[in-house]
Colleague: 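Sending over a structure as structure tokens; questions will come in a sec.
Values in this document were obtained by computation on a predicted structure and should not be read as measured data.
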Amino acid sequence: MGNWLVNHWFSAAVLAAWLGINIFLFTYYFLFFDRHEQYFYTRAILGSALAWARASAKCLNFNSMLILLPVCRNLLSFLRGTCSCCRRTLRKQLDHNLTFHKLVAYTLALLTAVHTIAHLFNLERYNQSQQATDSSLPAVLSKMHLQGSKWLNPIHSNQTTVEYVAFTTIPGLTGVIITLALILMVTSSTEFIRRNYFELFWYTHHLFLVYFAGLVIHGIAGLVRGQTEQSMAEVHPYHCSEYLTLRDQNCTHNCCKDPEFGSIPAESWKWVLAPIILYVFERILRVWRAQQKVVVTKVVMHPARVLELQMQKKGFCMEVGQYIFVNCPSISPLEWHPFTLTSAPEEDFFSIHIRAAGDWTERLIDTFQLETPRIEVDGPFGTASEDVFQYEVAMLVGAGIGVTPFASILKSIWYKFQQADQTLKTKKIYFYWLCRDTGAFAWFNDLLASLEQKMAESGKADFLTYRLFLTGWDTSIANNVALHFDTATDTVTGLRHKTIFGRPMWNTEFAAVAAAHPRSVVGVFLCGPEALAKSLQKSCHQHSSLDPRKVKFYFNKENF
């Protein structure tokens, strides 16, 4: 646990700062609206629901300001490439951008629920006060519009219902629209929907435009009101509130005038204006880059329905482990899908490998088997894998098609050896690839075989240690392996290293790396499912030494 705190202190600090600001805003504005004399008369009608509604509104504004920033990919890439202070620590925070985006989204959903429930109570109390026939303060305040003074209760008729106000006023209608948009965005972004119905997630998520438009105009009608400062100076509620309930009795010259009320100014636009402008520039840059011509120079169809595209684009410059967004207008003009680059920066083209994993990828593969359609590309964008060469020792873990970022890394290492690059800090790489079926190994075998041969020829045979794990097999495969157990090469892959049947024993793997490199900083990089990420992260914590002079494991996961 101590090592976890050391490695993640900056993450904890960022999270604590965000949480602290939320708590401060909620507490400050809750107490303000619950105690300030300006809202004395408003509280007489609404009670504590006023403070709940207004405090949650302030936190909603704050989190709405933050929600777009983690998905400004160009901004994150710029920060990743230009930051030199505390480089590794700060870069690791950028790798958590989508996690923070989800956290803020769930917080918005929670705050929206609090805000909506509080205002439903408010509308009900407004309605009850309007229909009251006694001389209580809420009833008197609700009838003040009849005397021509500025109103406090937005419901002016006994025939008006809560539902009517909710669906016909600007705050009510925009509130309903905002809530529905948020519900659709949150529910469609679940893991199941994104994995199986990506198009539904993609299109529904663009309701954020409706959300922000509704948020900006939500408060302009000013239904919730308070006493004006000028009126408070003349008619302070602590001195004059009793007079309102006694107005039918004879009054002396000391009687107070009726208070006057004004709307609470709309403030949401002030919070979200800057991030909206930043995001607009982000989208303009994406559109401009997407319009630049992309030439598909080579199309390769690998086994297991994996499509390799080699492309060229003027001015395209990449680093290892980066990813791009790809659009095929003939399939869908609006859908953009992320793919990790499998080429090395040293090559004169950039490439991606696309596995059939959904409607869009199925249609793309089928299209390329018939013709070469027009492709648009946005990127490249940075990921955690960019930092692989910052570590003395690296453990690369790929699951299925998740091997793609490491293809780029391994290719780049081969080129660095060819060019005798003296700046290469990395001394050892451990590569683990987990696949469910033998067909998935096929397209990557050539690269591993080439690296095996080239590194042996250059005297660097010990630089790369790779272990391939087949997690799904049948009896025929097992029998074939048993018959050819003594052969020099593996019967499944044709490589020198034998394929291992089953899943890795991570505690054993980490213990072996720690023993082989007792004083090294080891970077652990994963492109794979969340369950595997939890196992690797746990192993990193368990096998890192508290002694700063001994081995440390730093976990990095691809997020896009």
Colleague: May I ask you to test the F525-V397 pair for a side-chain heavy-atom distance under 4.5 Å?
Modeller: no

Colleague: Would you sort out whether R225 and W151 count as a side chain to side chain contact (heavy atoms under 4.5 Å, CB included), showing the intermediate values?
Modeller: CA-CA 8 Å; R225 299 160 72 86; W151 54 271; 2.9 Å; yes

Colleague: Hey, could you give me the OH/CZ distance between Y39 and F32, rounded to the nearest 0.5 Å?
Modeller: 5.0 Å

Colleague: Looking at side-chain heavy atoms only, is the closest gap between F33 and V224 below 4.5 Å?
Modeller: no

Colleague: Between the main-chain N or O of N74 and the side-chain N or O of E282, is there a donor-acceptor pair closer than 3.5 Å?
Modeller: yes

Colleague: Kindly indicate, with the supporting measurements, whether the criterion side chain to side chain contact (heavy atoms under 4.5 Å, CB included) is fulfilled by L215 and S64.
Modeller: CA-CA 9 Å; L215 184 68; S64 295; 3.6 Å; yes

Colleague: For Y279 and R286, work out which heavy atoms get closest and say how close.
Modeller: OH-NH1, 4.2 Å

Colleague: Is there a donor-acceptor pair under 3.5 Å between the side chain of R374 and the backbone N or O of V294?
Modeller: no

Colleague: Report yes or no: does K538 contribute a side-chain atom to a donor-acceptor pair with the main-chain N or O of A533 at less than 3.5 Å?
Modeller: no

Colleague: For I354 and L364, run side chain to side chain contact (heavy atoms under 4.5 Å, CB included): C-alpha distance rounded to whole Å, both residues' side-chain angles, the deciding distance at 0.1 Å, then the answer.
Modeller: CA-CA 9 Å; I354 303 170; L364 184 71; 3.4 Å; yes

Colleague: If the test is side chain to side chain contact (heavy atoms under 4.5 Å, CB included), which one of V165, L223, L46 qualifies with Y126?
Modeller: L46

Colleague: Are N556 and V524 side-chain neighbours, meaning at least one heavy-atom pair lies under 4.5 Å?
Modeller: no

Colleague: Give a yes or no answer on whether the side chain of K557 reaches the backbone of C527 with a donor-acceptor pair at less than 3.5 Å.
Modeller: no

Colleague: Check K534 with E530, please: is the shortest side-chain N to carboxylate O separation under 4.0 Å?
Modeller: no

Colleague: Which of parallel (below 30°), tilted (30 to 60°) and perpendicular (above 60°) describes F350 and F316?
Modeller: parallel

Colleague: Would Q130 and N158 count as a side-chain hydrogen bond (donor to acceptor under 3.5 Å, both in side chains) here? Give the steps.
Modeller: CA-CA 6 Å; Q130 170 60 32; N158 289 347; 3.3 Å; yes

Colleague: Could you check whether Y164 and T169, counting side-chain N and O atoms only, form a donor-acceptor pair closer than 3.5 Å?
Modeller: no

Colleague: Report yes if some heavy atom in the side chain of F325 is under 4.5 Å from a heavy atom in the side chain of F339; otherwise report no.
Modeller: no

Colleague: Work out which heavy atom in I324 is nearest to a heavy atom in P380; give both atom names and the distance.
Modeller: CG2-CA, 3.9 Å

Colleague: Under a 3.5 Å distance rule, please check whether N61 uses its side chain to pair with a backbone N or O of W271 as donor and acceptor.
Modeller: no

Colleague: Taking 4.0 angstrom as the limit, do R289 and E376 come out as a salt bridge?
Modeller: no

Colleague: Decide if atom OH of Y203 counts as having more than 12 heavy atoms of other residues, nucleotides or ligands within a radius under 6.0 Å.
Modeller: yes

Colleague: In chain order, what residues pass the side-chain hydrogen bond (donor to acceptor under 3.5 Å, both in side chains) check against T42, with sequence neighbours excluded?
Modeller: none

Colleague: Donor-acceptor pair, distance only, cut-off 3.5 Å: does the side chain of D134 make one with the backbone of A132?
Modeller: no

Colleague: As a test of understanding, state which of N22, T112, T107 forms a side chain to side chain donor-acceptor pair (under 3.5 Å) with N63.
Modeller: N22

Colleague: Kindly compute the distance separating CD1 (I220) from CD1 (I170), expressed to the nearest 0.5 Å.
Modeller: 4.5 Å

Colleague: Would you say H101's side chain and I67's backbone share a donor-acceptor pair under 3.5 angstrom?
Modeller: yes

Colleague: When rounded to the nearest 0.5 angstrom, what distance separates OG1 in T179 from NE2 in H115?
Modeller: 8.0 Å

Colleague: Excluding sequence neighbours, so at least two apart, what forms ring pair (Phe, Tyr, Trp, His ring centres under 6.0 Å) with F198?
Modeller: F201, H337

Colleague: Looking only at heavy atoms, what is the nearest atom pair of L111 and S56, with distance?
Modeller: O-CB, 4.0 Å

Colleague: Indicate the atoms forming the closest heavy-atom contact of G222 with S263, along with that distance.
Modeller: O-OG, 3.1 Å

Colleague: Please report the closest heavy-atom contact between H205 and S189, naming both atoms and the distance.
Modeller: CE1-CB, 3.8 Å

Colleague: Side chain to side chain contact (heavy atoms under 4.5 Å, CB included) for W18 and L103? Distances and angles first, verdict last.
Modeller: CA-CA 11 Å; W18 169 79; L103 177 62; 3.7 Å; yes

Colleague: Taking side chain as C-beta onward, heavy atoms only, is I277 less than 4.5 Å from F281?
Modeller: yes

Colleague: Would a 4.5 Å heavy-atom cut-off, applied to side chains only, mark V326 and I352 as touching?
Modeller: yes

Colleague: Identify whether NZ of Lys or CZ of Arg in R54 sits under 6.0 Å from the centre of the six-membered ring of Y29 and within 45° of that ring's axis.
Modeller: no

Colleague: So do the side chains of S48 and L50 get within less than 4.5 Å of each other, counting heavy atoms only?
Modeller: no

Colleague: What's the separation between atom CD in E260 and atom CD in Q230, rounded to the nearest 0.5 Å?
Modeller: 7.0 Å

Colleague: Please name the pair of heavy atoms, one in S408 and one in G321, separated by the smallest distance, quoted to 0.1 Å.
Modeller: OG-N, 3.6 Å

Colleague: In Å and rounded to the nearest 0.5 Å, what is the OG1 to CD1 distance from T367 to I331?
Modeller: 4.0 Å

Colleague: Using atom types as modelled and distance alone, determine if a side-chain donor or acceptor of S231 lies under 3.5 Å from a backbone N or O of Q227.
Modeller: no

Colleague: May I ask you to check whether F26 and W52 place their ring centres under 6.0 Å from each other?
Modeller: yes

Colleague: Which value, rounded to the nearest 0.5 Å, describes the distance between K102 atom NZ and N97 atom CG?
Modeller: 10.0 Å

Colleague: Donor-acceptor pair, distance only, cut-off 3.5 Å: does the side chain of T27 make one with the backbone of F24?
Modeller: no

Colleague: Check for a donor-acceptor pair, side chain of N127 on one end and backbone N or O of L123 on the other, with a separation under 3.5 Å.
Modeller: no

Colleague: Within the structure provided, determine whether D378 and W336 are in side-chain contact (heavy-atom separation under 4.5 Å).
Modeller: yes

